[in-house]
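What follows is a short report on a single structure.
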Number of protein chains: 2
Amino acid sequence: MKGRDKAAPARPTQKDIALAAGVSQAAVSLVLNKSETPSVPPATRTRILEVAEGLGYRPNHPARMLRSARTMTLACVIPDITNPFYPGLVRGLQTIAAPAGYDVLIFDTDGRPEREARAIDWLLQGRADGVVATFFHLRVPQLAVLARKGIPLVRLESRHKPDGPLAIDSVYIDNAEAAAEMTRLLIARGHRRIAMIQAEFGPSQRRAQGYGAVMREAGLTPDFITDSAYSEESGARAMTRLLERKGDRPTAVFGASDVLALGAMEAARNAGLSIPNDIAIAGFDDIPVAKLLGLTTVRQPEFDLGALAAETLVRRLQPGGLATPGRSHELKFEIMTRSSV
Amino acid sequence: MKGRDKAAPARPTQKDIALAAGVSQAAVSLVLNKSETPSVPPATRTRILEVAEGLGYRPNHPARMLRSARTMTLACVIPDITNPFYPGLVRGLQTIAAPAGYDVLIFDTDGRPEREARAIDWLLQGRADGVVATFFHLRVPQLAVLARKGIPLVRLESRHKPDGPLAIDSVYIDNAEAAAEMTRLLIARGHRRIAMIQAEFGPSQRRAQGYGAVMREAGLTPDFITDSAYSEESGARAMTRLLERKGDRPTAVFGASDVLALGAMEAARNAGLSIPNDIAIAGFDDIPVAKLLGLTTVRQPEFDLGALAAETLVRRLQPGGLATPGRSHELKFEIMTRSSV
DNA sequence: TTCGCTTAGTTATACGTATTACTAAAGCAA
DNA sequence: TTGCTTTAGTAATACGTATAACTAAGCGAA
């Protein structure tokens, strides 16, 4: 009894082709994989190819993986597919991966530690050759196992990481400096009471650092408000809490991500406030809708980050590529000034 | 010479565990897979488990797939990850798939025929046990091969499909009726010149039918404008073309998807028009930002569609599940009346 | 004739796992 | 003692592929 129902006819294998073409399975494998086969004359070659075509042969991927220990697949591990920041990243990845012969698969961790661990597990099972990832919870010690088992990792980081001996690279924009610049912009516009909406994990920390440093430099008091996730609900909740305050209501709110800022905008509007007159709002990421909503934000070159990550991985997967030390690549951010500030 | 660099230590296999624990590989496999092993006493069992843990053993997925012909993976084939409609669908899928032991992988076709074909190829290689998909180009004849090879497919459809003998199911909302209702709403609001922005492929057709039927019923002339894709650029381009017209400019525009409607909104605003006073805009999908932007639209229960699709697949993948005829499941849409109309 | 080379393949094996069929040893009853 | 049952495993095999190692036949050269 097979795993599949008997109702489903088995997919043809090389053995079937060999049988039908009157050759051995090895000959079939040879013809199917090499463009030049000195030991198989053109006539036989053509016959084999025709039979394969006729039977609708598709290589069995698991078998091929088992044999060659290569999946020709790159994984992209992200914390939240519903966050519009990531699709652009994936697009960048695909643009480089596809011509290099790699498929891209997306693994969504939901930003939860146990699902991040599951992703590692999944990778250790040999289901992808390399991975681009954003982990909120796991740190280098837990990730090192990937590199040690020969699976290169490119992390989407929030700052420069020192080079390390392992095959762990990173791509990033300087999140602290970007947040600092945005904070300076808000101060330059005359704001003194500026609050920052943070999330518990992820890049929020670095952004908060940049904001905090500039605030203190300017003699102002950083005003952090933290909610759990990078979601509109979190942003709206945080804004509602800010608006409930008596007296020292902020005149500007800096969301640690666009999604948070969007939630904040909605809450502000629901409270009858006009943006930016009653309250200014800034974000981080420049997701596609930011433009539509006129949100002033920090542009991350998501597509380029993805493309660079893919290039790095493809290079790592070439022979000997795992030996070079891990590097950190910086890309430039840009402040997008729109109407919300 | 292995496929992996020699720098990378091989992942431990059952053989390694067997060696270290002084038993046979078969015993290891038994212990690792069955909760009850009559032929292995508790002491040995514990020892094997400890050794496995100590070595950091992870099952080799390809090998397991090869042996058991099951991947415990569901694929989700979508035309565009940057369209915010799909993430919700994926979430719905995952919610059902995860507890049933299935991982979900996302395959992005970019709405292009050749990449849709590649997805089929990919599936025929045995890389997933079942698939939820939206195909813009491939039709049942091309898809039937999946069902024939024992890979159940749930299509995200735009209308009822008659039951068929193959293991191809579908989930849908009645797109024609939904579009009809939205069109009635626009007419009820006093609009007479209502244009519809369409895309070339995909669910746009059915939506156009519903719109067209109601327009004609009301004695009005359907006014279609088609652009290539479901993107903001397409929507903006179409709107720009509409606005360039002399004389018979529409007073309302119905986008065949929210993304199209959003693009149209932006173009209208850039042209200095106020919404809904100068021009009313309606969409279709109810993506998350629709609420933020006050877009009147048709709500598709994306999460429920995903969950239902996953349930259907999981059922299909139970023994004998492939034998039952393909069914079509309808879910309800809802008109979300906001400020853009 | 014998040797070597080319042609056209074939045979055998390994990858890691799951499972079926088998077995050696011990224990116990008759 | 023999025969049977239980215990505690092991040996063998198959999944489909890729590849290294081999070979049989034919031909030309020395």
Side-chain angles (χ1 to χ4, degrees), chain A residues 1-4 8-48 52 55-72 124-127 149-150, chain B residues 1-4 8-48 52 55-72 124-127 149-150:
Chain A
M1 186 56 154
K2 303 286 202 60
R4 300 261 172 220
R11 305 197 259 277
T13 70
Q14 292 184 355
K15 204 157 77 181
D16 299 323
I17 300 175
L19 204 68
V23 294
S24 71
Q25 174 265 324
V28 175
S29 175
L30 246 28
V31 167
L32 257 31
N33 290 298
K34 319 275 179 187
S35 50
E36 295 193 351
T37 43
S39 83
V40 181
T44 311
R45 190 186 169 78
T46 312
R47 181 158 40 95
I48 290 175
L55 291 177
Y57 171 79
R58 302 289 160 208
N60 178 300
H61 185 72
R64 188 176 264 200
M65 277 157 80
L66 178 58
R67 181 57 231 241
S68 57
R70 305 206 86 197
T71 65
M72 296 314 285
L124 286 177
Q125 288 175 8
R127 297 174 65 147
K149 303 291 181 181
Chain B
M1 187 58 158
K2 302 288 202 55
R4 300 261 171 216
R11 305 197 257 278
T13 70
Q14 291 185 354
K15 205 157 74 180
D16 300 322
I17 299 175
L19 204 66
V23 295
S24 69
Q25 174 266 324
V28 175
S29 176
L30 246 27
V31 167
L32 257 31
N33 290 297
K34 319 275 180 189
S35 50
E36 296 192 351
T37 43
S39 84
V40 181
T44 311
R45 189 184 168 78
T46 312
R47 183 159 38 95
I48 291 175
L55 291 178
Y57 171 78
R58 303 288 161 209
N60 179 300
H61 185 72
R64 187 175 264 198
M65 278 158 79
L66 178 57
R67 181 55 230 243
S68 58
R70 307 203 86 196
T71 66
M72 296 313 284
L124 286 177
Q125 288 175 9
R127 297 173 65 146
K149 302 292 180 178

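Naming convention: chains lettered A, B, ... in sequence-line order (proteins, then strands); numbering from 1 in each chain. All values below come from the heavy atoms of this structure, side chains included, with hydrogens, waters and symmetry mates left out. Here the structure is a predicted model, which is why all the values come from computation and not from measurement.
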Restricting both atoms to N or O, compile the protein contacts to nucleotides 11-13 of chain D shorter than 3.5 Å, with distance only.
none

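- Taking only side-chain atoms of A/S29, from C-beta outward, the nucleotide of D/dT10, D/dA18, D/dG16 with the closest atom is D/dA18.
- Between A/L55 atom CG and D/dG16 atom P the separation is 14 Å, expressed in whole Å.
- In this structure, B/R45 has no salt bridge (charged side-chain N to carboxylate O under 4.0 Å, His left out) partners at least two apart in sequence or on a different chain.
- For the side chain to side chain contact (heavy atoms under 4.5 Å, CB included) test, no residue two or more places apart in sequence or in another chain qualifies with B/L19.
- Residues satisfying the side chain to side chain contact (heavy atoms under 4.5 Å, CB included) test with A/A63, not counting sequence neighbours, are A/N60, B/L66.
- Note on B/L32: nothing from the nucleic acid sits closer than 4.0 angstrom, heavy atoms only.
- Atom pair B/K15:NZ and C/dT17:C1' shows a separation of 12 Å (rounding to whole Å applied).
- Rounding to whole angstrom units, CG of residue A/L19 and P of D/dG16 are separated by 14 Å.
- As rounded to whole Å, 12 Å separates atom P of C/dG16 from atom CD1 of B/I17.
- For C/dC15, the OP1/OP2 oxygens have no side-chain nitrogen or oxygen of A/S68 closer than 4.0 Å.
- In this structure, A/R47 has no side chain to side chain donor-acceptor pair (under 3.5 Å) partners at least two apart in sequence or on a different chain.
- For the atom pair CD (A/Q14) and CG (A/L55), the distance works out to 12.0 Å, reported to the nearest 0.5 Å.
- The nearest heavy atom of DNA chain D to A/Q14 and to B/L30 marks one nucleotide each, and the one closer to the 5' end goes with B/L30.
- Backbone-only engagement by B/T13 is indicated by non-hydrogen atom pairs under 4.0 Å involving sugar-phosphate atoms exclusively.
- Put simply, CE on A/M72 and NE2 on A/H61 are 10.0 Å apart, with the number rounded to the nearest 0.5 Å.
- Contact annotation for B/P62: no contact, since no heavy-atom pair falls under 4.0 Å across all strands.
- Of the listed residues (A/V40, A/V31, A/V28, A/L30), just one forms a side chain to side chain contact (heavy atoms under 4.5 Å, CB included) with A/V23, and that residue is A/V28.
- Closest heavy-atom contact between B/M65 and B/G126: CE-O, 3.5 Å.
- Each of D/dG16, C/dT10, D/dA18 was ranked by its minimum atom distance to the side chain of A/R64; first place goes to D/dA18.
- Sorted by residue number, the members of residues 33-41 of chain A with any non-hydrogen atom under 4.0 Å from DNA chain D read A/N33, A/K34.
- Partners of B/Q125 under the side chain to side chain donor-acceptor pair (under 3.5 Å) rule, at least two apart in sequence or in another chain, do not exist in this structure.
- The C1' atoms of five pairs define one axis at each end of the helix from C/dT1-D/dA30 to C/dA30-D/dT1, and these two axes lie 80° apart (to 10°).
- Atoms CG (B/L66) and C1' (D/dT17) sit 8 Å apart, rounded to a whole Å.
- When the C1' atom of C/dC15 is taken as reference, atom CG of A/N60 falls 13 Å away, rounded to whole Å.
- Taking atom CZ of A/R70 as the reference point, atom P of C/dC15 lies 19 Å away to the nearest angstrom.
- A donor-acceptor pair is defined here as one N or O able to donate and one able to accept, closer than 3.5 Å; such a pair exists between the side chain of B/R11 and the backbone of A/K149.
- For A/A63, the side-chain atoms get nearest to D/dT17 when compared with the rest of D/dT17, C/dT17, C/dG16.
- Distance check: B/I48 CD1 to B/T37 OG1 gives 8.0 Å after rounding to the nearest 0.5 Å.
- As a whole-Å value, the separation of B/D16 CG from C/dT17 C1' is 13 Å.
- Under the rule for a side chain to side chain donor-acceptor pair (under 3.5 Å), the partners of A/S29 that lie at least two apart in sequence or sit in another chain are A/N33.
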